[in-house]
Amino acid sequence: MSFVEIKDVVKRYGSRISVDHLNLNIEEGEVLGLLGPNGAGKSTTIGMICGLIGIDSGGIRVGGLSVKESPMEVKRMLGLVPQDLALYEKLPAEENVMFFARLHGLRGSLLKQSVKEALEFVGLEDKARELPATFSGGMKRRLNIACAIMHRPKLVIMDEPTVGIDPQSRNHILEAVRELNRAGSTVIYTSHYMEEVEAVSSRVAIIDRGHLIASGTQSELRERAAQQERILLQVTPVTEELLKELKEHPRIEAVEADGDRITLYLSSAQRSLQDVLFICARHEALIGSLECEAPNLESLFLNLTGRTLRD
């Protein structure tokens with residue numbers, strides 16, 4: 001049995017369907033990179049896992065427990081790092097962590113030890129008595145993580161935890177994700193930065209318009225992306241005859257033209273490159289630039305959704 005089971009889940013807002021019969025399993029001990037363009041349903045899905053948003057139909061189980069039937073038990077297993085900071089800026093850092101720790105029932109020496117360890121974990125132990133209002137954006141993000149993990153949750157959900165922060169804090173947060181996972185936490189990580197997901201995730205799920213459209217390990221998804229490579233050309237002139245011959249080539253699957261720029265989608269750029277050069281020469285098309293784009297998760301995402309991750 002998977003640690004998180006999302007089965008045929010639907011969420012509507014009026015006439016708009018945000019999550020449409022979503023099915024997704026997350027295994028215990030993995031880091032799942034959850035990707036999708038804006039409006040794909042990522043945050044709604046996270047809200048339903050946490051019990052913050054109601055489920056219209058279908059079901060979600062965490063650790064074998066139903067989110068609908070056992071909401072408090074599920075919440076005790078969770079640590080949520082929300083996209084919007086959840087901090088009290090006029091309370092010292094340690095009192096912020098202490099507040100959330102008390103909500104989870106921590107008291108006495110266990111409370112003090114948990115707060116101390118959480119601040120040490122995010123590298124803010126020397127800022128314990130300082131106010132978050134004086135912190136940089138990166139420090140606030142790290143304190144947000146401390147407030148989410150002080151009770152050692154089995155499932156940590158990070159929704160865009162590196163928005164608007166400096167590279168040093170970003171690296172600190174990515175290492176924190178790895179360390180949480182090494183300590184036994186299952187992690188769901190969403191980001192608009194593909195390189196972050198590639199750096200921390202053991203498996204990736206891509207959703208769009210509320211549907212799961214691809215999932216697998218990074219190597220599995222790269223193999224899928226490798227089925228279609230791209231050659232990017234800048235040529236003059238671009239004629240109908242040139243485009244027609246390129247489209248008729250047996251290894252070129254699709255051709256897109258935008259002004260003097262041509263994008264070729266094909267199964268093997270290396271095997272077809274010489275033919276492309278000959279076709280351009282035959283039509284007296286002068287090549288200004290040429291680039292063979294290696295397949296990666298970004299190109300797979302673009303191919304599946306028609307949008308870049310930051311659209």
Side-chain angles (χ1 to χ4, degrees), residues 20 23-24 30-42 174 189-311:
D20 190 3
N23 290 280
L24 177 63
E30 74 175 350
V31 179
L32 179 80
L34 185 60
L35 296 175
N38 287 330
K42 302 187 304 297
L174 295 180
Y189 189 94
T190 80
S191 177
H192 277 94
Y193 298 96
M194 187 71 75
E195 62 273 16
E196 291 183 7
V197 174
E198 291 178 324
V200 301
S201 64
S202 52
R203 195 162 63 91
V204 175
I206 300 174
I207 64 175
D208 190 27
R209 296 177 175 88
H211 296 279
L212 178 69
I213 58 175
S215 67
T217 64
Q218 291 193 40
S219 61
E220 288 170 345
L221 291 180
R222 284 197 179 94
E223 285 180 13
R224 180 170 175 178
Q227 295 172 6
Q228 194 171 66
E229 301 179 18
R230 297 201 302 178
I231 295 177
L232 310 178
L233 290 165
Q234 182 182 18
V235 299
T236 52
V238 176
T239 64
E240 290 299 324
E241 292 77 13
L242 170 64
L243 295 175
K244 182 175 183 293
E245 186 168 354
L246 289 170
K247 290 175 182 177
E248 291 174 349
H249 191 283
R251 284 196 296 271
I252 297 177
E253 299 168 11
V255 178
E256 292 180 356
D258 182 11
D260 62 353
R261 298 183 183 276
I262 300 174
T263 303
L264 308 177
Y265 297 86
L266 60 175
S267 56
S268 173
Q270 186 174 3
R271 289 174 58 200
S272 306
L273 183 57
Q274 188 172 3
D275 289 353
V276 170
L277 295 176
F278 283 150
I279 291 171
C280 289
R282 188 155 45 239
H283 291 273
E284 299 182 347
L286 181 64
I287 298 176
S289 65
L290 184 150
E291 180 182 353
C292 295
E293 189 175 85
N296 53 29
L297 291 183
E298 188 82 52
S299 60
L300 174 64
F301 185 91
L302 178 62
N303 187 36
L304 289 172
T305 68
R307 291 178 277 177
T308 65
L309 194 56
R310 295 180 180 86
D311 278 352

Query raised in the report: CG of Leu34 to OG of Ser191: how many Å apart, nearest 0.5 Å?
Result: 11.0 Å
Requested in this report: List in chain and number order the residues that pass side chain to side chain contact (heavy atoms under 4.5 Å, CB included) with Thr236, two or more places apart in sequence or in another chain; answer none if no residue qualifies.
Outcome: Asp260, Leu286
Report task. Check Asp275 against His249 and note the closest heavy-atom contact, atom names and distance. Result -> OD2-NE2, 2.8 Å
Query raised in the report: CD1 of Ile279 to CD of Glu245: how many Å apart, nearest 0.5 Å?
Result: 4.5 Å
Requested in this report: Return the set of residues passing side chain to side chain contact (heavy atoms under 4.5 Å, CB included) with Ala285 (not counting sequence neighbours), or none when no residue passes.
Outcome: Val235, Leu242, Cys280
Report task. Name all residues meeting the side chain to side chain donor-acceptor pair (under 3.5 Å) criterion together with Gln218; count only those two or more places apart in sequence or in a different chain, and write none if there are none. Result -> Ser201, Arg222
Query raised in the report: Taking only residues two or more places apart in sequence, or in another chain, which ones meet Ile213 in a side chain to side chain contact (heavy atoms under 4.5 Å, CB included)?
Result: Ile206, Asp208, His211, Leu304, Thr305
Query - side chain to side chain donor-acceptor pair (under 3.5 Å) involving Ser272 - partner list, sequence neighbours excluded - result: Arg251
Report task. Find the distance between OH (Tyr189) and CG (Leu35) and round it off to the nearest 0.5 Å. Result -> 10.5 Å
Query raised in the report: Which value, rounded to the nearest 0.5 Å, describes the distance between Glu256 atom CD and Lys247 atom NZ?
Result: 10.0 Å
**Report entry** Shortest non-hydrogen contact from His192 toward Asn38
**Finding:** NE2-OD1, 2.9 Å
Report summary line: Residues at least two apart in sequence or cross-chain that pass side chain to side chain donor-acceptor pair (under 3.5 Å) with Glu30, listed by chain then number, are Arg203
Requested in this report: Taking the side chain as every heavy atom from C-beta outward, state whether Ile231 and Ile252 have any atom pair closer than 4.5 Å.
Outcome: no
Query raised in the report: Where do Asn23 and Leu212 come nearest, in terms of heavy atoms and distance?
Result: O-CD2, 3.2 Å
**Report entry** side chain to side chain contact (heavy atoms under 4.5 Å, CB included) against Arg261, all qualifying residues, sequence neighbours excluded
**Finding:** Gln234
Query raised in the report: Quick one: side chain to side chain donor-acceptor pair (under 3.5 Å) partners of Glu248, sequence neighbours excluded?
Result: Lys244
**Report entry** For Arg271, salt bridge (charged side-chain N to carboxylate O under 4.0 Å, His left out) partners two or more places apart
**Finding:** none
Report task. Begin with the C-alpha distance, continue with both residues' side-chain angles, and end with the deciding distance and a verdict on side chain to side chain contact (heavy atoms under 4.5 Å, CB included) for Asp258 and Thr263. Result -> CA-CA 8 Å; Asp258 182 11; Thr263 303; over 6 Å; no
Report summary line: CG of Leu24 to OG of Ser215, rounded to nearest 0.5 Å, is 7.0 Å
